[in-house]
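I'd like to ask some things about the structure below.
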Amino acid sequence: MNLWQIRFSPTGGTQRVANAVCNGIGSAVNECELCAPESELATVEFTEGDVAVVAMPVYGGRIPALAIERIKTQIKANGAFCAVVAVYGNRAYDDALLELHKTCTDMGFKVIAAVGAVAEHSIIRKYGAGRPDADDLNDLQSFGEKIKDAIEKGVVLPESALNGNYPYKKPMAGPNPTGGKKCTDCGKCASLCPVGAIPSENLRSVDKKRCISCMRCVSVCPNGARSIGKLMHGMITLAIKKGCAERKQNELFIP
């Protein structure tokens with residue numbers, strides 16, 4: 001079995017979730033990171049019988065538009081098997097899992113499993129802090145083992161088995177991180193931004209029209225210099241507090 005991990009993981013949480021699922025499936029894994037500068041993107045073409053774990057983060061109950069675009073343009077499904085994974089910050093994945101299932105099905109994947117998984121919230125890190133933790137990783141690895149069995153059976157998972165609604169939730173605009181006094185102009189944030197939203201001539205700024213609020217620049221800054229600001233951080237913290245109050249559980253959907 002040729003196993004691939006296709007992911008969009010700006011801050012690392014989605015990758016950790018996908019790694020655990022792939023560990024449960026148990027084959028050597030090829031990797032494709034779609035959260036990269038456009039010039040570094042690779043095209044992956046599958047053959048029937050291959051398997052993909054497609055793992056994407058959830059922003060406001062949806063899969064990021066850029067992630068959907070890059071799945072469609074960089075991945076050639078050709079009837080391969082697929083498990084879709086929506087990774088969210090302990091609030092809700094809303095329509096994201098349904099959206100990812102439909103996207104992959106329309107591309108020509110045979111979707112045989114779906115996972116809703118929790119990772120640390122990419123903006124308000126105290127929500128879901130430290131997740132996926134040891135209990136999560138055990139859950140996700142066991143999910144992978146069950147997905148392996150589902151692959152052998154080859155039964156497609158109907159979208160009616162999933163949570164979510166049509167029409168999807170309207171996408172929400174997110175905050176735009178900028179650099180502060182700690183910025184040393186190293187340029188790491190600009191070089192790793194997937195949409196080129198940080199101008200090299202002014203590294204502390206951001207192009208709000210390009211920024212997708214993925215928080216990759218915040219995550220990779222070696223000096224902790226980029227942030228969304230205390231006021232915006234406080235507003236978002238209060239806005240999602242109720243939805244993040246209880247520990248959410250990982251979910252597996254198989255036929």
Side-chain angles (χ1 to χ4, degrees), residues 1-9 14-36 41-59 61-88 93-117 140-168 194 250-255:
M1 177 175 60
N2 187 23
L3 176 63
W4 276 84
Q5 181 186 129
I6 308 295
R7 65 174 184 262
F8 189 94
S9 184
T14 297
Q15 181 177 359
R16 290 182 64 204
V17 167
N19 285 344
V21 173
C22 289
N23 286 342
I25 296 174
S27 297
V29 182
N30 305 289
E31 299 184 15
C32 175
E33 176 60 76
L34 296 177
C35 185
L41 294 175
T43 298
V44 178
E45 186 163 354
F46 291 94
T47 58
E48 193 170 5
D50 289 341
V51 178
V53 172
V54 180
M56 299 288 142
V58 178
Y59 296 171
R62 296 286 302 279
I63 302 297
L66 180 67
I68 293 292
E69 176 187 332
R70 289 185 171 179
I71 295 171
K72 291 179 177 179
T73 57
Q74 303 300 132
I75 308 301
K76 311 300 180 185
N78 296 325
F81 292 114
C82 171
V84 295
V85 183
V87 182
Y88 67 104
Y93 56 79
D94 294 316
D95 302 331
L97 199 54
L98 183 65
E99 180 180 20
L100 189 55
H101 181 288
K102 179 171 174 52
T103 297
C104 289
T105 299
D106 289 349
M107 288 171 58
F109 278 113
K110 298 173 184 174
V111 181
I112 44 80
V115 175
L140 296 167
Q141 184 163 328
S142 71
F143 289 178
E145 294 167 358
K146 293 175 183 177
I147 290 170
K148 184 177 181 179
D149 292 338
I151 292 167
E152 293 176 356
K153 295 177 182 176
V155 178
V156 173
L157 177 72
E159 68 173 36
S160 60
L162 302 178
N163 301 318
N165 298 287
Y166 293 116
Y168 302 135
N250 305 298
E251 297 176 85
L252 171 66
F253 301 87
I254 53 175

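As a basis for the values below, the full set of heavy atoms in this structure was taken, side chains included, without hydrogen atoms, waters or symmetry mates. We count residues from 1, following the sequence as given.
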Backbone N/O of N165 and side chain of D95: donor-acceptor pair under 3.5 Å: yes

message: Does V115 form a side chain to side chain contact (heavy atoms under 4.5 Å, CB included) with L252? I'd like the steps, not just the answer.
response: CA-CA 5 Å; V115 175; L252 171 66; 3.8 Å; yes

message: Given 3.5 Å as the limit, does a donor-acceptor pair link the side chain of N2 with the main chain of D50, or not?
response: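 Not at all, since once roles are kept as given, no pair shorter than 3.5 Å links the two residues.
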
- request: For residues C82 and V54, report the shortest heavy-atom separation together with the two atoms involved.
  value: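 Scanning both residues, the minimum pair turns out to be SG-CG2, 3.7 Å.
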
Closest heavy-atom pair and its distance - L66, P194: CD2-CB, 4.3 Å

message: Tell me if the CD atom of E152 is crowded by more than 12 foreign heavy atoms within 6.0 Å.
response: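 Atom CD in E152 is packed in, count exceeds 12.
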
Stepwise side chain to side chain contact (heavy atoms under 4.5 Å, CB included) test for E251 and N163: CA-CA 11 Å; E251 297 176 85; N163 301 318; 3.8 Å; yes

- request: Could you grab the distance from atom CG of L3 to atom CD of E31, nearest 0.5 Å is fine?
  value: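 The CD atom of E31 is 10.0 Å from CG of L3, to the nearest 0.5 Å.
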
message: What's the separation between atom CE in M107 and atom OG1 in T105, rounded to the nearest 0.5 Å?
response: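 So the CE of M107 and the OG1 of T105 are separated by 10.0 Å.
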
- prompt: Could you go step by step and tell me if I63 and T103 meet the side chain to side chain contact (heavy atoms under 4.5 Å, CB included) rule?
  reply: CA-CA 10 Å; I63 302 297; T103 297; over 6 Å; no

- request: To the nearest 0.5 Å, tell me how far Y166 OH sits from E159 CD.
  value: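 Answer for the OH-CD pair, Y166 versus E159, is 3.5 Å.
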
- request: Any chance you could measure L100, atom CG, to I68, atom CD1, to the nearest 0.5 Å?
  value: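 CD1 of I68 is found 6.0 Å from CG of L100.
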
query: Which atom pair, heavy atoms only, marks the closest approach of P57 to P64?
result: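 Reported closest heavy-atom pair: O-CD, 3.1 Å.
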
query: Do H101 and F253 come within less than 4.5 Å of each other through their side chains, counting heavy atoms only?
result: no

- line: From the list W4, F81, F46, ring-ring contact (aromatic ring centres under 6.0 Å, His included) with F109 holds only for F46

message: Show, in sequence, the C-alpha distance, side-chain angles and deciding distance for K148 and V51, and conclude whether the side chain to side chain contact (heavy atoms under 4.5 Å, CB included) test is met.
response: CA-CA 10 Å; K148 184 177 181 179; V51 178; over 6 Å; no

- prompt: Will you find, in the side chains of D94 and Y88, an N or O donor that is under 3.5 Å from an N or O acceptor?
  reply: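 Absent: no donor and acceptor within the cut-off.
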
Contact summary for L97 and G116, nearest pair of heavy atoms: CD2-N, 4.2 Å

Exam field: side chain R62 to backbone E99, donor-acceptor pair closer than 3.5 Å: no

message: What I'd like to find out is whether the side chain of M56 reaches to under 4.5 Å of the side chain of L34, using heavy atoms alone.
response: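 Yes; the side chains approach each other to less than 4.5 Å.
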
message: If you compare all heavy atoms of A113 against all heavy atoms of I254, which two are closest, and at what distance to 0.1 Å?
response: CB-CG2, 3.7 Å

- prompt: Taking all atoms of both residues into account, what is the closest heavy-atom pair of V17 and A117, and its distance?
  reply: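 Closest approach of V17 to A117, heavy atoms only: CG1-CB, 3.6 Å.
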
Backbone N/O of V53 and side chain of Q5: donor-acceptor pair under 3.5 Å: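 Not a single qualifying donor-acceptor pair exists.
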
- request: Report the distance from atom OG1 of T73 to atom CG of L41, rounding to the nearest 0.5 Å.
  value: 7.0 Å

statement: So CD1 of I71 and SG of C104: to nearest 0.5 Å the spacing works out to 5.0 Å

